[in-house]
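Following: one structure in structure tokens, then a few remarks.
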Amino acid sequence: MGAMIRYLDTRGLDGSRPTFTGVVMKGIANGGGLYVPERLPALSLDEILQLADLPYAQRAAQVFRRFETDVPPSRVEELTAQAYGEQWDDARIAPTREVAPDMHVLELWHGPTSAFKDMALQCMPLFFSEAISMRRGAGEEVDDYLILVATSGDTGKAALEGFADRPNTRIVVFYPAEGVSDIQRKQMVTQHGDNVGVFGVRGNFDDCQNAVKAVFGDPDFNAELHREHGLKLSSANSINWGRLLPQIVYYVSAYADMVRQGGVRAGEPMDVCVPTGNFGNILGAYYARELGTPIGRLLCASNENKVLTDFIASGVYDISGREFVTTPSPSMDILISSNLERLLHELVGDTETVAEWMRSLRSEGVFRVDRDTFAQVRELLSGDFVTNDESLETIRRVWREHGYLLDPHTAVSWEVAERLRGDDPVLVVSTAHWAKFGASVYRALTDIPYAAPLPDDERGLTDVELLAEVQALAPEGACVPEALAVLDEARVRFPGVVDAGREGVEQAVRQWLG
Ligand SMILES: *Cc1c(COP(=O)(O)O)cnc(C)c1O
């Protein structure tokens, strides 16, 4: 194999320089830093524009190839064809649509779970499984992997769907029994596949995440898994580079489509507005820009958990004394946007400084970037946030004015894009099908504020039944994806709920393994 891009650690503590499949398997660097590519490929404008002639899977293969992975190019093409195939309900996979003049929506929810996590999680598990096969093929002894996921909703289902029946891997997902929507829970507990397990945890998302983290940190349990089952633990969470690379592809692809559709002139910039939580999606846009995609500004949209808005305004990332707020866009309810560390590393280029900021965040709950870095942040990013009721108002307004239904995450993005847009066309990134968060859409269309109870008639309905109410209110434009429409009838395979804490989770895994 010729030149190959290797990966560096943002904190400079891990000098192992793994290959692409190495970072996919490992996830996080030794010492807690994140892996970033040691150099980036450059795409010419022609190369980008020509992607418009290819099906999406080949666009992805092309970008992957330019990242010089250690998976042979012909195999990359097979895997992306599998990742972006028949399971998507739109053959274009990630289409753009002009909803208002110069406001184009990038729809990232045509995958099997109706949320943007599918863009990465239909793909990354294939490379994970491939990474293990490649090592075995080379004579290495490698365990199978058990992926453990703590989820607040979208990630769990997308990871289950991505890893279901993938060779060399198994997956168990833990969700807070009190903290996911009716639809999200039903999506998970009805999951198909012979290598999957799902458990509710008594408690909230923090309890759930802490319990799973404690299992990762338990050497005895890790040894037991290896000894009795030949398994090693991995997390496959959103800081894994294997999830980021697929998220670069759709920005390059969207630019090619925008030019082809006349939304932007070849070579002229578009701005991109991203509803942001862990900073993974918007980081994909940053890398696409670095590769040469004509992207002007990155508009960073937050909900009431607006730590990023404040960081972009002040250069201070401060979670000390900040209350976690519940919002209609739960997948953005995050205080620590882990992937920001990668952007800071790219801007600063100095691992010691990044390591120091992350130390300060961990111990004091705050860090302040230097003047030069702050200036770079300001040039690249603009940020704003949207309140809970404003996001519902946006859903209502965009439906009335443009006949297009937004989910609450996309509503945050839309509203911020309208506020911050300049002269260039804007790509508003849409991260979930409206039906995935149908209860909020119902409130929006019927003028019920976020915090008010639903009327008596609706209170007893399941989320799926509420979708029918939305359809009655918005007859054109309100199709419900088949996989969501059948959820009330689907067979529950995983009714189990366990106690929060390390022991509850370990016991659940033991029993599930049999
Ligand atoms: C995960 C998610 C987000 C946030 O994406 P990040 O990569 O964490 O910034 C936004 N919207 C939806 C629907 C999501 O599932």
Side-chain angles (χ1 to χ4, degrees), residues 34 94 105-122 124 149-162 175 180-181 183-184 187-188 205 209 236-248 250-251 272-288 298-309 311-312 327-343 381 383 385-386 391 395 405-416 428-438 440-441 481 484:
L34 308 186
V105 171
L106 172 59
E107 297 178 344
L108 299 179
W109 37 258
H110 288 283
T113 80
S114 304
F116 113 92
K117 302 287 189 294
D118 288 333
M119 295 302 306
L121 280 167
Q122 282 297 298
M124 181 269 204
V149 180
T151 183
S152 59
D154 288 350
T155 301
K157 175 60 181 178
L160 285 164
E161 198 63 40
Y175 67 90
V180 299
S181 76
I183 282 200
Q184 286 175 321
Q187 277 188 305
M188 289 189 274
F205 176 57
Q209 189 163 40
N237 61 18
S238 85
I239 47 113
N240 190 306
W241 179 262
R243 284 181 58 176
L244 278 171
L245 186 50
Q247 294 178 186
I248 299 172
Y250 51 74
Y251 288 104
V272 169
C273 187
V274 188
T276 300
N278 208 22
F279 210 78
N281 196 351
I282 195 168
L283 190 72
Y286 165 79
Y287 279 115
L298 304 177
L299 313 179
C300 178
S302 298
N303 62 24
E304 292 188 15
N305 294 294
K306 62 183 185 62
V307 60
L308 284 168
T309 311
F311 171 68
I312 294 165
T327 75
S329 40
S331 300
M332 299 158 69
D333 290 345
I334 284 176
L335 292 181
I336 299 195
S337 298
S338 312
N339 272 302
L340 179 64
E341 179 173 347
R342 285 192 164 104
L343 178 70
L381 293 170
F385 78 101
V386 176
S391 63
I395 294 174
L405 273 184
L406 305 175
D407 97 288
H409 302 78
T410 309
V412 168
S413 181
W414 180 282
E415 174 63 22
V416 168
V428 178
V429 175
S430 175
T431 50
H433 190 288
W434 69 267
K436 185 130 190 198
F437 298 93
S440 289
V441 176
L484 298 183

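Order of appearance sets the numbers: ligands from 1, and atoms from 1 within every ligand.
- When atom types are taken as modelled, the side chain of N305 and the backbone of I334 share no donor-acceptor pair closer than 3.5 angstrom.
- Side-chain N or O atoms of T327 include none that pairs as donor or acceptor with a backbone N or O of E304 at under 3.5 Å.
- Of the listed options M332, K117, H409, K117 places a heavy atom closest to atom 2 (C) of ligand 1.
- Between H409 and F437, the ring center distance clears the sub-6.0 Å criterion.
- For S331, heavy-atom contacts with ligand 1 shorter than 4.0 Å involve the backbone as well as the side chain.
- When each atom of ligand 1 is checked for a heavy atom of G280 under 4.0 Å away, the hits are 6 (P), 7 (O), 9 (O).
- Protein heavy atom at the shortest distance from atom 9 (O) of ligand 1 is G277 N, 2.7 Å.
- Of the candidates L299, T276, L308, L343, L381 forms a side-chain contact (heavy atoms from CB on, under 4.5 Å) with just one, namely L343.
- Both the backbone and the side chain of N278 come within contact range of ligand 1, each with a heavy atom under 4.0 Å.
- A distance-only check finds a donor-acceptor pair linking the side chain of S413 to the backbone of C273 [under 3.5 Å].
- Ligand 1 has no atom lying under 4.0 Å from any heavy atom of S238.
- The proximity of F116 to ligand 1, defined as any non-hydrogen pair under 4.0 Å, is limited to the side chain.
- Using modelled atom types and a 3.5 Å distance limit, the side chains of R342 and N339 yield a donor-acceptor pair.
- Within ligand 1, counting atoms from 1 as listed, the ones closer than 4.0 Å to a heavy atom of T276 are 9 (O).
- A distance of 8.5 Å separates CG of D154 from OG of S181, quoted to the nearest 0.5 Å.
- Every atom of ligand 1 with a heavy atom of A432 under 4.0 Å away is listed here by number and element: 13 (C).
- For atom 11 (N) of ligand 1, the nearest non-hydrogen atom of the protein is T431 OG1, 2.8 Å.
- Numbered from 1 in the order shown, with element, the atoms of ligand 1 that lie under 4.0 Å from a heavy atom of P275 read 4 (C), 10 (C).
- The two residues T113 and K436 have their closest heavy-atom pair at O-NZ, 3.2 Å.
- In terms of polar-atom proximity, defined here as any N/O pair under 3.5 Å, N281 does make such a contact with ligand 1.
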